[in-house]
Amino acid sequence: MNGAASRRAVLLGLVALPAGAALAQGAGSVEVAIAAVTGGRAVEEGGMALRLPGLAENGAQVPLAVTVESPMTAADHVVAIHLFATRNPTPGLASFHLSPALARAEVQTRIRLAEDQQVVAVAVLSDGRFRRAAAETRVATGGCLG
Amino acid sequence: MSGTPLAQPRIRIPRQARAGDVIEIRTLIEHPMESGIRGRVPDAVPRDMLARMTVRMNGGTVFAADLGNGTAANPYHVLFLRIERTSEFEFTWFDELGRTARATARVTVA
């Protein structure tokens with residue numbers, strides 16, 4: 001194998017893993033990505049809602065809304081909301097940094113999803129606690145590997 | 001591509017509000033958000049990503065977004081702010097090459 005070909009093979013291995021390998025990597029790395037946010041501390045279920053369409057026609061543009069129950073006062077507010085994809089080539093969707101100037105802890109955006117999967121949202125509260133919500137969506141046409 | 005400037009963002013925000021109102025802000029910037037991992041061939045399409053978006057209100061950052069590979073093309077965000085007085089807003093996007101796009105708005109509280 002010449003240099004260019006072997007380099008290409010390495011890059012293909014890193015970047016364009018076969019579907020199964022990419023999935024396995026995605027499933028493991030999402031837990032790593034979440035642990036990087038929570039530092040392994042306890043995460044509460046509930047107190048927040050993650051809304052996705054049940055069926056996304058176009059995985060390249062999937063509307064998402066995340067809302068955390070919070071008074072959004074200086075003393076008690078949501079500091080950050082992190083969004084993770086469990087079956088994309090990479091788990092990171094977006095991280096939002098909030099402030100008490102927001103009337104409510106709600107953000108709407110659009111994400112891309114490679115295939116049917118669960119999306120996980122982790123909220124960081126101003127008192128240091130964490131909350132988590134998840135939503136499943138089916139993807140008719142994948143939006144990542146085009 | 002690296003030589004071209006970023007697109008002008010579009011902001012939907014009320015021009016006027018009453019003190020204590022909750023206003024909805026919608027932002028959109030045209031951008032391919034090309035992750036560089038598309039097409040199963042390395043660098044078939046070079047990576048070209050916005051990294052961050054910030055919203056400043058009267059000089060202070062009230063919202064920021066770190067945009068990952070899974071943020072869709074033409075990043076779109078909706079947020080809700082409580083407004084107490086006439087306020088100046090500044091919206092800025094930063095790409096991974098250091099380019100920025102900026103938009104400003106004023107909401108007048110009568």
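A quick note: this is a predicted structure, and the numbers were derived from the prediction, not measured.
- Remark: the backbone N or O of B/A72 is not paired with any side-chain donor or acceptor of A/Q61 at under 3.5 angstrom.
- Here B/Y76 sits in one hydrophobic cluster together with B/V22, B/L28, B/V78, B/F80; the rule is ILVMFWY side chains under 4.5 Å apart, joined directly or through other members.
- The number of heavy atoms from other shown groups lying within 6.0 Å of CZ (B/R10) does not exceed 12.
- By a heavy-atom distance cut of under 4.5 Å, not one residue of residues 130-138 of chain A is near chain B.
- Under the 4.5 Å side-chain heavy-atom criterion for Ile, Leu, Val, Met, Phe, Trp and Tyr, B/M49 and A/V62 are members of the same hydrophobic cluster.
- Interface remark: B/M53 contributes no atoms to any contact with chain A (heavy atom separation under 4.5 Å).
- The residue among A/A94, A/S95, A/G92, A/S99 with the most heavy atom pairs within less than 4.5 Å of chain B is A/S95.
- Other residues, nucleotides and ligands place more than 12 heavy atoms under 6.0 Å from the CD atom of B/E24.
- Residues B/F94 and B/V62 are members of separate hydrophobic clusters, defined by side-chain heavy-atom contacts under 4.5 angstrom among Ile, Leu, Val, Met, Phe, Trp and Tyr.
- Of the listed residues (B/T71, B/L79, B/I83, B/L67), the one with the most heavy-atom contacts under 4.5 Å to chain A is B/T71.
- The minimum heavy-atom distance between A/R112 and B/E34, with the atom names listed, is NH2-N, 4.5 Å.
- Close approach to chain B, defined as a heavy atom under 4.5 Å from one of its heavy atoms, is seen in A/A101, A/L102, A/A103, A/R104, A/E106, A/V107, A/Q108, A/T109 of residues 101-109 of chain A, taken by number.
- Side-chain contact annotation: B/D66 with A/H97, donor-acceptor N/O pair under 3.5 Å present.
- With sequence neighbours left out, A/D116 forms a salt bridge (Lys or Arg N to Asp or Glu O under 4.0 Å) with no residue at all.
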